[in-house]
Amino acid sequence: MKHNVSIPKGTRDFTPQQVIKRQYIFNVLKDVFTKYGYLPIETPAMETLSTLLGKYGEEGDKLIFRIINSGNFFENISDDLIKKENYSYLLSLICEKGLRYDLTVPFARYVVMHHNQITFPFKRYQIQPVWRADKPQKGRYREFYQCDIDVIGSKSLLNEIEIIQISDEVFSILNIPVIILINHRNILYGIAKEFNIENNFIKFTTILDKLGKIDQEKFIESLKEITLDYKRIIELLNIIENKNNSEKIMFLKDNFKNTEMASGINDIEFILENTKELNLTNNIRFEISLARGLSYYTGTIFEIKSTEYNIGSLCGGGRYDNLTEIFGLPGMSGVGISFGADRIYDIMEHLNKFPNNIMNSLKVLVICMDQKFIKYSLTIASKLRNLNIPVEVYPDIDVKLKKQLSFANNKGYKYVLLIGENEYKNNAVTLKDMYSGNQQTLEIEEVIKIICDYEKH
RNA sequence: GUGGAUGUAGCUCAGUUUGGUUAGAGCACCAGAUUGUGGCUCUGGUGGUCGCCGGUUCGAGUCCGGUCAUCCACCCCA
């Protein structure tokens, strides 16, 4: 039978196995976040467009899913308006909401709306799906989960350090080797200023971001578009590329004397210095080509990548000074990072990083072989459940035993309890170990003991 | 938005180069070998408008045109 059903492009269903694995990732994240004093919040799937638009740059605005108004939204639209072909204005009349694009902007909105109930500095974590109307491909979905932590109301660089520490801890628990990339907007700005291209700053950063990703010729081509001085920039980048963190810092200090550069370097130096003795599992690299597209970042910026599998970045974040100002609350500096749970999942699946015992929640299947023993079977199942042992009772009594055992086998059950005439008469059950194939008829107390013993190791 | 690839059974895919009886395989499913015993093995079976529309032809899964969908890369990003 051909059934013609589908789900929207870029979205996915998750099987029980996948959900369990995903929950494992979420739980690791929650545990670490909680350990550092972060509290959970949740915000609605949709926000008003005035909250969302203009925060993610021109490209980002295009990728926001819009929700059409309910009811007869054409009611107030005259033919004249349609003839004028001002589509963006028309759109604004029939569409006032959109699906959230990330968790940082809704968080900023949340802080503004709730600031009189919040004690600052406020540390929150948030694990929820976001939606982007991107073209899907490997590691890119239209619906995916972000797991954000942010600290707002504190300018201290200790927050940056803590974020690095948390990231390192998360990825060492998940057993994914990563490299933590950091940079600073002021350093980028300092470079731009030196070459008199502050006017083209955003463009400059997006070009810089492609260093090493596209071939040198194309890179030079795009640099030419914004400055005639491109040779010096190339020269500079080539010098910097092979240096280690402290050499890079020295070099920039010596060659750039503007105040922005000085403050950026100061921050990076402080962060690197104070993470040195934290025994981090993963390396931090100061990467001056790291730019990040989101226009709201103003200070440190982060990105985390796997060193074993290329699937884009696993985390991205940074410091933003003015995000809440747009919503009318100035002077609230914040810093945060977002963990891409779906990519973390993909990488763990691909590199086989999930712990083996992750699917072990299924323990006992009860098979009742005749209607007469239903009460007896249910009583035994209850006894086990009272001891917190997960038990499933096969519901269709008259299904062949062969099929029920095959069911147990396919679902990975460790134990099957068989209940029939013999067992009932002797007030016992037959315990079958599906792994070894052995079985014995025992009193219920003995069975419980065996199952509990197994549970312990 | 630009470029490349792929659509055949529930799933993974062969077959398309060179058109030719009834379109195959593995997995999954059902039945049996085994009426109170799963996995392994063996035997048999169910299951297809070959993405869709049109064209060429005596004849199209195969050739041509269009269309839709999916995947990959670029862009950007988690």
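Letters A, B, ... are given to chains in the order of the sequence lines, protein chains preceding strands, and every chain is numbered from 1.
Residues A:Tyr56 and A:Asp102 bring a donor and an acceptor atom of their side chains to less than 3.5 Å of each other. Using a 3.5 Å distance cut-off with no hydrogens or angles, the side chains of A:Asn282 and A:Asp168 do pair a donor with an acceptor. A:Gln126 and A:Tyr110 are not linked by any side-chain donor-acceptor pair at a separation below 3.5 angstrom, with hydrogens and angles left out of the test. Judged purely by distance below 3.5 Å, without hydrogens or angles, the side chains of A:Glu169 and A:Tyr36 pair a donor atom with an acceptor atom. For A:Thr430 and A:Gln439, the side-chain atoms include no donor-acceptor pair closer than 3.5 Å.
With sequence neighbours excluded, no residue satisfies side chain to side chain donor-acceptor pair (under 3.5 Å) with A:Thr275. Applying the side chain to side chain donor-acceptor pair (under 3.5 Å) test to A:Lys402 and every residue at least two apart in sequence or in another chain returns nothing. When the ring-ring contact (aromatic ring centres under 6.0 Å, His included) test is applied to A:Tyr141, no partner is found at least two apart in sequence or on another chain. With sequence neighbours excluded, the residues that form a ring-ring contact (aromatic ring centres under 6.0 Å, His included) with A:Tyr309 are A:His350. Annotation: ring-ring contact (aromatic ring centres under 6.0 Å, His included) contacts of A:Tyr125 (sequence neighbours excluded): A:Phe33. For A:Phe14, the ring-ring contact (aromatic ring centres under 6.0 Å, His included) criterion is met by no residue, not counting sequence neighbours. When the side chain to side chain donor-acceptor pair (under 3.5 Å) test is applied to A:Asp342, the partners found at least two apart in sequence or on another chain are A:Arg12, A:Arg22.
Going from the C1' atom of B:U57 to that of B:G20 covers 12 Å, rounded to whole Å. Straight-line distance between the P atoms of B:C30 and B:C40: roughly 14 Å, to the nearest whole Å. Between B:A25 and B:A9, the distance separating the two C1' atoms is 11 Å to the nearest Å. Going from the P atom of B:G39 to that of B:G32 covers 13 Å, rounded to whole Å. Spacing between B:G61 and B:G7 at atom P, rounded to whole Å, works out to 15 Å. Nucleotides B:C75 and B:G15 have their C1' atoms positioned 38 Å apart, rounded to a whole Å. Here, B:A23 and B:G47 have their C1' atoms 14 Å apart, quoted to the whole Å. Comparing the C1' positions of B:C29 and B:C76 gives an interatomic distance of 44 Å, to the nearest angstrom.
When both distances must be under 3.5 Å, the Watson-Crick or G-U wobble mate of B:G7 is B:C68. The pairing partner recorded for B:G1 is B:C74, the criterion being a Watson-Crick or G-U wobble arrangement whose two distances lie under 3.5 angstrom. Figure legend. B:C58 is base-paired to B:G20; pairs are counted as Watson-Crick or G-U wobble with both atom distances under 3.5 Å. Base-pair partner of B:G38: not found among the strands shown (Watson-Crick or G-U wobble, both distances under 3.5 Å). If you check B:A31 for Watson-Crick or wobble pairing at under 3.5 angstrom, you find it paired to B:U43.
Contacts with RNA chain B (heavy atom under 4.0 Å) in residues 159-180 of chain A: none are found. RNA chain B is contacted by no residue of residues 372-379 of chain A, taking any non-hydrogen atom closer than 4.0 Å.
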Filtered N/O pairs between nucleotides 69-72 of chain B and protein, under 3.5 Å:
| residue | atom | partner | partner atom | Å |
| --- | --- | --- | --- | --- |
| B:C72 | OP1 | A:Lys138 | N | 3.2 |
| B:C72 | OP2 | A:Lys138 | N | 2.9 |

statement: Readout for nucleotides 30-36 of chain B: B = base within 4.0 Å of protein heavy atom, S = sugar-phosphate only, - = neither; 5' to 3' it is S-S---B

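Looking at heavy-atom distances under 4.0 Å, A:Cys147 makes no contact with the nucleic acid at all. A:Tyr141 comes within 4.0 angstrom of a base, heavy atoms only.
Between the CG atom of A:Asp13 and the P atom of B:G10 there is a distance of 18 Å, given to the nearest Å. One interatomic measurement links the two molecules: NZ of A:Lys432 to P of B:G38, which rounds to 7 Å at whole-angstrom precision. One interatomic measurement links the two molecules: CG of A:Asp342 to P of B:A78, which rounds to 13 Å at whole-angstrom precision. In this structure, the CG atom of A:Leu63 is 11 Å from the P atom of B:A78, given to the nearest Å. Protein atom NZ of A:Lys62 is 15 Å distant from nucleotide atom C1' of B:C77, rounded to whole Å.
Stacking between A:Phe144 and the base of B:A78 is present: ring centres sit under 5.5 Å apart and the planes differ by under 30 degrees.
Counting distance only, with no hydrogens placed and no angle test, the side-chain atoms of A:Asn409 and the base atoms of B:G38 include a donor-acceptor pair under 3.5 Å.
Taking the charged nitrogens against the carboxylate oxygens, A:Glu47 and A:Lys55 have no contact shorter than 4.0 Å, which rules out a salt bridge.
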Which side-chain N or O atoms in residues 142-158 of chain A pair as donor and acceptor under 3.5 Å with protein atoms at least two apart or in another chain?
| residue | atom | partner | partner atom | Å |
| --- | --- | --- | --- | --- |
| A:Arg142 | NE | A:Asp134 | O | 2.7 |
| A:Arg142 | NH2 | A:Asp134 | O | 3.3 |
| A:Glu143 | OE2 | A:Trp131 | NE1 | 3.0 |
| A:Gln146 | OE1 | A:Leu103 | N | 3.4 |
| A:Asp148 | OD1 | A:Ser338 | OG | 2.7 |
| A:Asp148 | OD2 | A:Thr104 | OG1 | 3.3 |
| A:Asp150 | OD1 | A:Arg124 | NH1 | 2.9 |
| A:Asp150 | OD2 | A:Tyr320 | OH | 2.5 |
| A:Ser154 | OG | A:Ser156 | N | 3.2 |
| A:Ser154 | OG | A:Asn159 | ND2 | 2.7 |
| A:Ser156 | OG | A:Leu158 | N | 2.9 |

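A cation-pi arrangement is present between A:Lys414 and A:Tyr454, with the terminal nitrogen or guanidinium carbon under 6.0 Å from the aromatic centre and inside a 45° cone about the axis.
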